[in-house]
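Notes to accompany the following structure.
Fair warning: this is a prediction, and the values are worked out from it, not measured in the lab. We name chains A, B, ... by the order of the sequence lines, and we start the count at 1 in each one.
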Protein chains: 2
Amino acid sequence: MSRHPLSSLTEKEILLCSGLICGGYGDDKRLRFKGITLHEPSKEEMKMFETTQTVPPRRAWVNYYIKGTGFFYETVVNLTKRQVESNQRVPAGFHGPCDDAEILEAERITLADPRVQAEIKKLQLPPGATVVCDPWIWGADGVADDVRQYQCYMYLRAPEHSHEPDSNHYAHPLSFSPVFDTVTMTVTRIEYLPTGAGFETKPTPTEPQRLTAANEYIPELNAPLRTDLKPLVVQQPEGASFTVSDDVIRWQKWEFRLSFNYREGMVLHKVSYDGRALFYRVSLSDMSVPYGDPRPPFHKKQAFDLGDTGAGLMANDLKLGCDCLGAIAYQDGLIADDEGRPLWKRNAVCIHEQDAGLLWKHTNYRTNRAALVRKRELVLQSIITVSNYEYILAFVFDQAGEMTYEVRATGILSTQPIDPGVHVPWGTVVHDGVLAAYHQHILSLRIDPELDGDSKNSLVYEETKPLPRDPKSNPHGNGYIAYRRPVLTSGGYDLESSMNRVYMIESSKVNPVNLKKTAYKIRVPPMQPLLADEDSFHYKRADFADHSIYVTKYRDHELFAGGQYTNQNRQTTGVRKWAARQDSVVDEDLVVWVQFGLQHVPRCEDFPVMPAEIIRVSLKPDNFFTKNPAIDVPPSTQASNRSTLIETSKTANESCDGPRL
Amino acid sequence: MSRHPLSSLTEKEILLCSGLICGGYGDDKRLRFKGITLHEPSKEEMKMFETTQTVPPRRAWVNYYIKGTGFFYETVVNLTKRQVESNQRVPAGFHGPCDDAEILEAERITLADPRVQAEIKKLQLPPGATVVCDPWIWGADGVADDVRQYQCYMYLRAPEHSHEPDSNHYAHPLSFSPVFDTVTMTVTRIEYLPTGAGFETKPTPTEPQRLTAANEYIPELNAPLRTDLKPLVVQQPEGASFTVSDDVIRWQKWEFRLSFNYREGMVLHKVSYDGRALFYRVSLSDMSVPYGDPRPPFHKKQAFDLGDTGAGLMANDLKLGCDCLGAIAYQDGLIADDEGRPLWKRNAVCIHEQDAGLLWKHTNYRTNRAALVRKRELVLQSIITVSNYEYILAFVFDQAGEMTYEVRATGILSTQPIDPGVHVPWGTVVHDGVLAAYHQHILSLRIDPELDGDSKNSLVYEETKPLPRDPKSNPHGNGYIAYRRPVLTSGGYDLESSMNRVYMIESSKVNPVNLKKTAYKIRVPPMQPLLADEDSFHYKRADFADHSIYVTKYRDHELFAGGQYTNQNRQTTGVRKWAARQDSVVDEDLVVWVQFGLQHVPRCEDFPVMPAEIIRVSLKPDNFFTKNPAIDVPPSTQASNRSTLIETSKTANESCDGPRL
């Protein structure tokens, strides 16, 4: 069986890559692999494959370091020919992402470092106290950031839970911060964190640690738990309504291919509904999380959770009956570890259905007959842990042709120490001695459309505005109209809720009912754009975070809004640069980048672990179909749903008044 | 057992009201009742009741017409003293709402009217064809609208389904429209609808009807239905986690009282969480649905679905296993009919729990231990049918102290005829000969807070903005801050997403962790305000629809954003007038009115029945609690959830590569 050109790499292919590359260096060189993944075929090649079954060559994209140096390479391996096609050093100023092994090693080395131990000693901790080190990505400020480094944030476990490895150390941040060099794999210096008020940037030297109350998230340390929540069981006696076969998922007229890589995690290819093509490729393309504390070293704090670490790399091993309910299929992801070996991310994606209330209902008031169908959804979920924080990422499909990308932001706030009684305007005190700085989460969803099988799509926006009052055409002042305007050139574009501005992707085909172009509209909540100023490194590194919509003309391998290398870079090489080509995007093969996010001003309620904040972006048909595409969903019936009646006094009215009239 | 002062009227109390009032007119006068409902005690009385158990007198609010006249009355009955306390004629220009009996009678009379029959004859319909009449509320244009009237829209059933009473006649709108007078209960004239293009307002005289294809929503007329949707059953083997007792609902630390009336439907009173007071009263207070077609008679089209008809009056009889899943309790609503008799709205409210994915999760990447809890929600749902259209209205509570009001807009578009090949800028052709005009849905949620038991609440807004770049205080340009400002006086206020402006209700108590005022924030999606111009009747009748937030100082009986009488009025007497008092709202007993809605530019996909558009407004604790209030929710486990594993080839990678490494 030959592999589909868009299928993720196999174990053999990964081993072939690392073998070929290591072979080139001989045995004495040690490499640190930062990613081995499918180098997807060009669209041209895919078109050939689809029309003539010509299988394009399999290629891999590989990033690696030569250990003990900052030499970082990007390599394309032709797997079909079993040879390295290109191998070049990545320009200075660009770095590879973190990896699990490196982070754990940095922790170990940092904690064992004598200067770190000396700082710990100054804390005068009770016997048996446990100090924890969280290496954080460095960010960038253009100062001494040529070498890839970690900013290590240090924490204490609550002394009473010193031996509980899942004690929440984020409730006890310490005020010194080792700097870790990834070339030498050593601590290079200790920095001290500001813990005072106002704009003072003076760091606080390490002093005996004030011990504070624990604030734990694991259940056994939060007894008594609630006892009045009764089980809720989702059963699917006839099994699931979806099928998964050779990475192709089919459900309720939807069909698409799922792949998985270390950076984006889940990627959807060739999404169609009822046999009509919709999207060539959809994935979360990037995310930036800039923090608002202006004081060093926090001024550099800005995580790119995909480019700096990777949504595939950090995917959780999902457990049956925990992360979702009902009949669940799991997909493993295959990535490479730091030594270039295959690394299975077990159960990285779960696939299940859920009920989502009513999809449509109408009751004829004359006959009292209600016609109604419930809304079933298909969910592909992957959950990533980025150090302290979690994102629950999901593609959600409904039966009416709508596809939603949902993000739930949860996990533990990134915390820092603050002196008692102090308050600062860029953070919330969420626990005694604990500051949670304000931060933004700005995500970018990349949508490569092929509506109605057409590589000639356009981006338009629709607005609604009043008609001017006019004795002949709008005599009563109630008239208003909607109109569409094309986006002519690649660039960044904004929402405007006062105009109800909605962006839509149009095909070049028309709906036979009303002759409008068949389209999908993009429903995205407005966001506050990046707050860092335009001259800041925060801004230059996340310059996609200034507009809700970017559109570019398609070019192969332009996949990540923040560019190929986000970690510790000083500016992007991403969507903004591509958009600046000022390409025409009318009736073109175009890519739409949808930015959305949260302004997170933490609350006490977000600690010690945060109730998920939910954000959704939807792609919704707009005159794509000739009628409600869910009109043929079978009605909701008790025979199938088997609900249970809970008897109560139906209302107090009755019990007071005796029998009903 | 004595009734709680906030309990809805009983059957006996309703009969007492109508009996007392009818008695005053003698037997020869015939009255048409338009509402008999609890006249809620004043807050002063409720405070007395809560502190000294002094039971206030029971009172009812009654509206009625003297039949055959436009004389419309509002009456307060003291039920405790069994006497009419006040009875006065409502000023000219204000009218009572529709009622079921009147609508059905108007239909019958209209269809039998000789002029209407003459119009039908001109259609030259095939034998057995069925014409349907939908009386619509009149709206207002200041022209000949002193008398309360219906604008009757006429439709044809698809000839092939002439005998199917649930055939979708909205797919075949006719171009004549009888005007119905509710005083004489007769058709007064026939109007002709514009069916052409552009701004022409020339009506189309009735001609032989062009027959078009059916477009049906009932399942048996949409065969074949999908056959690949497997059952999904929600079971709660130990029953529900909520209790309902004498109208008081308790669930997961929430406690509140539910009442029901003909106008608002569900009303929540005395909402608390974990023993801490939150809201004195919450309900949907009003809704306006203005249409954008400027041509008569559509220029008047503007429905106030609560004030013109009533969310309680139109509540569906919900069915087990159809409208929700799991263990479900139903509450009946008791209202009065047009003759002043008790009318039970059976199963008007359903109460059930639902799973809503993960509430929070954290995985310790060092131990790989995942702590996670699922999000259970309590839903109180009521579904209303307003002629062609449906609203699914729900209060949703979660375990983290958040309360959401959810609206799902579904049902059938209000349609009008359009000539073949014609397109207009204020509507979408959704089927051959069928125009669905653009319209807005603007709803108003009334929140009367008493945070932390305090009648001294304030409304504040929080914004986030960059710090100016400054070498000392913001040297890197990344700094940003949040700040809160109080809203000082009653008025209308706006969102501003570029500032991340969020409104919050603050108590006068402080959170011990960070000394911030305990607060609830209001999360409301931005809406496009009412588009009709400020001199239009649309605007004057819905002047609450111009701002996302209104705040007023509390006064008894100020309940409805659009005023007491919306039907066919020429201007409101509602929240805008009350806000214009310019009361101080700092540390006051205040009321917050949250406006939200949809700009509905119909799509083909919204016909013949519309996939629900979902809008949510949330009230979310903000430093109200000292930590995540859901930290004590028991973990999600397979033992309780009993999910099922669906075996698939885990990935295609594996099947190609043989056994795992």
Note to self: Just to verify, what does B/Tyr217 make a ring-ring contact (aromatic ring centres under 6.0 Å, His included) with, not counting sequence neighbours?
What the structure shows: A/His362
Next item on the list: Answer with side chain, backbone, both or neither: which region of B/Asp535 has an atom nearer than 4.5 Å to a non-hydrogen atom of chain A?
Entry: both
Note to self: I'd like to know which of A/Leu320, A/Val234, A/Asn222 tops the heavy-atom pair count under 4.5 Å against chain B.
What the structure shows: A/Leu320
Item checked: A/Trp360 side chain vs A/Ala630 backbone, donor-acceptor pair below 3.5 Å -> yes
Check: What option among B/Pro290, B/Cys324, B/Ala371 has the most heavy-atom pairs under 4.5 Å with chain A?
Finding: B/Cys324
Margin query: Please tell me whether B/Gln528 and A/Tyr480 have a donor and an acceptor in their side chains that are separated by less than 3.5 angstrom.
Written below: no
Next item on the list: Tell me, out of A/Val430, A/Val601, A/Thr410, who's got the most heavy-atom pairs with chain B below 4.5 Å.
Entry: A/Thr410
Item checked: Under the salt bridge (Lys or Arg N to Asp or Glu O under 4.0 Å) test, residues paired with B/Asp317 that sit two or more places apart -> B/Lys319
Next item on the list: Could you have a look at A/Val513, A/Leu359, A/Thr363 and say which one has the most heavy-atom pairs with chain B under 4.5 angstrom?
Entry: A/Thr363
Item checked: Flag, side chain of A/Glu238 to backbone of B/Pro231, donor-acceptor distance under 3.5 Å -> no
Next item on the list: Against chain A, work out which of B/Gly326, B/Pro224, B/Ser640, B/Pro529 has the most heavy-atom pairs shorter than 4.5 Å and name it.
Entry: B/Gly326
Next item on the list: Answer with side chain, backbone, both or neither: which region of B/Phe607 has an atom nearer than 4.5 Å to a non-hydrogen atom of chain A?
Entry: backbone
Margin query: When you measure from the side chain of A/Arg469 to the backbone of A/Pro475, do you find a donor-acceptor pair of N or O atoms at a distance under 3.5 Å?
Written below: yes
Notebook entry, point to check: At a heavy-atom separation under 4.5 Å, does B/Glu353 approach chain A through its side chain, its backbone, both, or neither?
Noted result: both
Item checked: Region of B/Leu372 that comes under 4.5 Å of a non-hydrogen atom in chain A -> side chain
Note to self: Can you tell me which portion of B/Asp100 sits under 4.5 Å from chain A's heavy atoms? Options are side chain, backbone, both or neither.
What the structure shows: neither
Check: Relative to chain A, which segment of B/Ala400 carries a heavy atom at a distance below 4.5 Å: side chain, backbone, both, or neither?
Finding: side chain
Note to self: Under a 3.5 Å cutoff, is there a donor and acceptor pairing between the side chains of A/Asp141 and A/His299?
What the structure shows: yes
Checklist line | Contacting region of A/Pro634 [heavy-atom separation from chain B under 4.5 Å] | finding: both
Notebook entry, point to check: Out of B/Pro237, B/Ala482, B/Pro165, B/Pro525, which one racks up the most heavy-atom pairs below 4.5 Å with chain A?
Noted result: B/Ala482
Item checked: Part of B/Thr626 lying under 4.5 Å from any heavy atom of chain A -> backbone
Checklist line | Top contributor to chain B contacts, counting heavy-atom pairs under 4.5 Å, from A/Ser387, A/Gly401, A/Gly239 | finding: A/Ser387
Check: Tell me, side chain or backbone of A/His476 under 4.5 Å from chain B's heavy atoms, or both, or neither?
Finding: both
Notebook entry, point to check: Which one, B/Lys627, B/His538, B/Met610, leads in non-hydrogen pairs under 4.5 Å with chain A?
Noted result: B/Lys627
Next item on the list: To the nearest 0.5 Å, tell me how far A/Asn500 CG sits from B/Met527 CE.
Entry: 11.5 Å
Item checked: Which atom of A/Ser241 lies closest to which atom of A/Arg376, heavy atoms considered -> OG-NH1, 3.7 Å
Check: Hey, are the side chains of A/Arg603 and A/Thr428 touching, using non-hydrogen atoms and a 4.5 Å cut-off?
Finding: no
Check: Tell me, side chain or backbone of A/Asp355 under 4.5 Å from chain B's heavy atoms, or both, or neither?
Finding: both
Next item on the list: Using non-hydrogen atoms and a 4.5 Å limit, figure out which bit of B/Asn316 sits close to chain A: side chain, backbone, both or neither.
Entry: side chain
Check: Under a 4.5 Å heavy-atom cutoff, which of B/Leu515, B/Ile383, B/Asp606 has the most pairs with chain A?
Finding: B/Ile383
Notebook entry, point to check: Which of the residues B/Leu225, B/Asn478, B/Val429 is involved in the greatest number of heavy-atom pairs with chain A at under 4.5 angstrom?
Noted result: B/Asn478
Margin query: Taking side chain as everything from C-beta outward and backbone as N, CA, C, O, which of these in B/Tyr539 sits under 4.5 Å from a heavy atom of chain A? Side chain, backbone, both or neither.
Written below: neither
Notebook entry, point to check: Where does A/Ile328 contact chain B at under 4.5 Å (heavy atoms): side chain, backbone, both or neither?
Noted result: both
Check: For the side chain of A/Glu605 and the backbone of B/Asn623, is there at least one donor-acceptor N/O pair under 3.5 Å apart?
Finding: yes
Margin query: Counting only non-hydrogen atoms closer than 4.5 Å, does B/Glu390 touch chain A with its backbone (N, CA, C, O), its side chain (CB onward), both, or neither?
Written below: side chain
Next item on the list: Check each atom of B/Thr637 against the heavy atoms of chain A and say whether the ones under 4.5 Å are side chain, backbone, both or neither.
Entry: backbone
Notebook entry, point to check: In terms of heavy-atom pairs under 4.5 Å with chain B, which of A/His423, A/Arg408, A/Arg374 leads?
Noted result: A/Arg374
Notebook entry, point to check: Which bit of B/His431 is near chain A, if near means a heavy-atom gap under 4.5 Å: side chain, backbone, both or neither?
Noted result: backbone
Notebook entry, point to check: So which part of B/Leu358 gets closer than 4.5 Å to some heavy atom of chain A, the side chain, the backbone, both or neither?
Noted result: both
Item checked: Donor on one side chain, acceptor on other, A/Asn641 and A/Ser636, under 3.5 Å -> yes
Margin query: Please check: side-chain N/O of B/Gln638 versus main-chain N/O of A/Cys322, any donor-acceptor pairing under 3.5 Å?
Written below: no
Check: Taking 4.0 angstrom as the limit, do B/Asp632 and A/Arg226 come out as a salt bridge?
Finding: yes
Next item on the list: Work out which heavy atom in A/Tyr365 is nearest to a heavy atom in B/Leu104; give both atom names and the distance.
Entry: CE1-CD2, 4.1 Å
Item checked: Side-chain (A/Asp332) to main-chain (A/Trp344) donor-acceptor, under 3.5 angstrom -> no
Notebook entry, point to check: What part of B/Pro466 gets closer than 4.5 Å to chain A, counting heavy atoms only: side chain, backbone, both or neither?
Noted result: both
Notebook entry, point to check: Quick one: of A/Gln235, A/Lys361, A/Glu402, who has the most non-hydrogen atom pairs under 4.5 Å with chain B?
Noted result: A/Lys361
Item checked: Side chains of A/Gln331 and B/Thr648, donor plus acceptor under 3.5 Å -> yes
